[in-house]
Amino acid sequence: MTNNLTNEHCLPCEGGMLPLTETLYKPLLSQLENGWNIVDGKNITKEFVFTNFKEALAFVNQVGILAETENHHPDINLHDYKKVTINLTTHAIGGLSKNDFIVASKIETL
């Protein structure tokens, strides 16, 4: 699934802006593939399941490279040997920003 978010790049966020409200993040969430969930209005998360540990680890490494490129870093949890949970939030504002949805969209292309 390719959408406009995939073509955008993260903008630096050092705080001073408000987190997205539900009215603002719902349209962004609708542009992502199924499986992404908003948690407490402050995080977007999704679990990916792979065939084995090697595939899960390769995905984690790809997400890491993407995060460095966009300078927006998710929490990444490789667990149960073949599952990876991605959690995105914008720490500087204590909630969601468009950057979270841009990175989520790009993760879907990996």
Side-chain angles (χ1 to χ4, degrees):
M1 174 179 195
T2 302
N3 58 52
N4 291 337
L5 291 171
T6 304
N7 297 321
E8 295 188 44
H9 293 283
C10 294
L11 299 174
C13 178
E14 300 300 328
M17 62 185 279
L18 295 174
L20 297 176
T21 63
E22 184 175 358
T23 303
L24 295 173
Y25 69 63
K26 273 195 166 184
L28 296 171
L29 181 63
S30 72
Q31 293 183 55
L32 300 176
E33 291 186 11
N34 289 333
W36 288 98
N37 297 297
I38 303 293
V39 179
D40 298 328
K42 295 182 179 184
N43 300 283
I44 182 172
T45 186
K46 183 174 181 176
E47 182 177 83
F48 296 83
V49 180
F50 297 91
T51 305
N52 55 43
F53 180 81
K54 184 178 179 180
E55 285 181 10
L57 185 59
F59 176 72
V60 166
N61 288 327
Q62 289 179 311
V63 171
I65 292 167
L66 169 65
E68 280 294 297
T69 300
E70 290 297 328
N71 198 28
H72 193 70
H73 305 92
D75 291 334
I76 304 170
N77 180 12
L78 194 161
H79 56 99
D80 297 328
Y81 85 90
K82 64 177 186 175
K83 297 178 182 177
V84 177
T85 300
I86 302 291
N87 185 62
L88 287 150
T89 191
T90 303
H91 299 283
I93 62 172
L96 293 168
S97 74
K98 191 172 186 182
N99 290 346
D100 300 307
F101 294 89
I102 291 169
V103 171
S105 179
K106 290 179 185 244
I107 287 171
E108 292 290 348
T109 68
L110 299 177

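Residues: numbered from 1 along the sequence shown. This is a predicted model, so every value here is computed, not measured.
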Worksheet item: What are the two closest heavy atoms between Ala104 and Ile44, and how far apart are they?
Response: CB-CD1, 4.4 Å
Worksheet item: Under a 4.5 Å side-chain heavy-atom rule over Ile, Leu, Val, Met, Phe, Trp and Tyr, are Leu11 and Leu20 clustered together?
Response: no
Worksheet item: Which distance, rounded to the nearest 0.5 Å, do you find between the NE2 of His9 and the OG1 of Thr69?
Response: 9.5 Å
Practice prompt. Return yes if some donor-acceptor pair links the side-chain N/O of Asn37 with the main-chain N/O of Gly35 below 3.5 Å, else return no.
Written response: yes
Worksheet entry | Whether Ser105 side chain and Ile102 backbone form a donor-acceptor pair below 3.5 Å | no
Worksheet, complete the sentence: Value for NE2 (His79) from CD (Glu47), rounded to nearest 0.5 Å, stands at 4.5 Å
Worksheet item: Is the number of heavy atoms from other residues, nucleotides or ligands under 6.0 Å of Asp40 CG greater than 12?
Response: no
Discussion item. On a heavy-atom basis, which atom in Gly95 and which in Asp100 lie closest, and how many Å separate them?
Written reply: O-OD2, 3.8 Å
Discussion item. Before you tell me yes or no, could you show the steps for Gln31 and Asn4 under side-chain contact (heavy atoms from CB on, under 4.5 Å), namely the whole-Å CA-CA distance, both residues' side-chain angles and the distance that decides it to 0.1 Å?
Written reply: CA-CA 8 Å; Gln31 293 183 55; Asn4 291 337; 4.2 Å; yes
Worksheet item: Could you state the interatomic distance from CG (Leu28) to CG (Leu96), rounded to the nearest 0.5 Å?
Response: 9.5 Å
Worksheet item: Does a side-chain heavy-atom distance below 4.5 Å link Leu78 with Phe53?
Response: yes
Response to the item:
Rounded to the nearest 0.5 Å, the NZ atom of Lys46 sits from the CG atom of Asn34 at a distance of 7.5 Å
Discussion item. Grouping I, L, V, M, F, W and Y whenever their side-chain heavy atoms are under 4.5 Å apart, do Met17 and Phe101 come out in a common cluster?
Written reply: no
Worksheet entry | Parallel, tilted or perpendicular, as decided by the 30° and 60° cut-offs, for the rings of Phe48 and Phe59 | tilted
Worksheet item: Do Lys106 side-chain atoms and Ala67 backbone N/O form a donor-acceptor pair below 3.5 Å?
Response: no
Worksheet, complete the sentence: In terms of heavy-atom contacts, Leu66 and Val103 come closest through CD2-O, 4.1 Å
Worksheet item: For the residue pair Ser30 and Pro27, what are the closest heavy atoms and their distance?
Response: OG-O, 2.7 Å
Worksheet item: If every non-hydrogen atom of Tyr25 is compared with every non-hydrogen atom of Gly41, which pair is closest and at what distance?
Response: OH-CA, 3.9 Å
Discussion item. Could you measure the distance from the CD atom of Glu108 to the CD1 atom of Ile86? Nearest 0.5 Å is fine.
Written reply: 10.0 Å
Discussion item. Rounded at 0.5 Å granularity, tell me how far NE2 in His72 sits from OG1 in Thr89.
Written reply: 7.5 Å
Worksheet item: Same cluster or not: are Leu24 and Leu29 linked, directly or through other Ile, Leu, Val, Met, Phe, Trp or Tyr residues, by side-chain heavy atoms under 4.5 angstrom apart?
Response: yes
Worksheet item: Any idea which heavy atoms bring Ile93 and Cys13 closest together, and the distance?
Response: CG2-SG, 3.6 Å
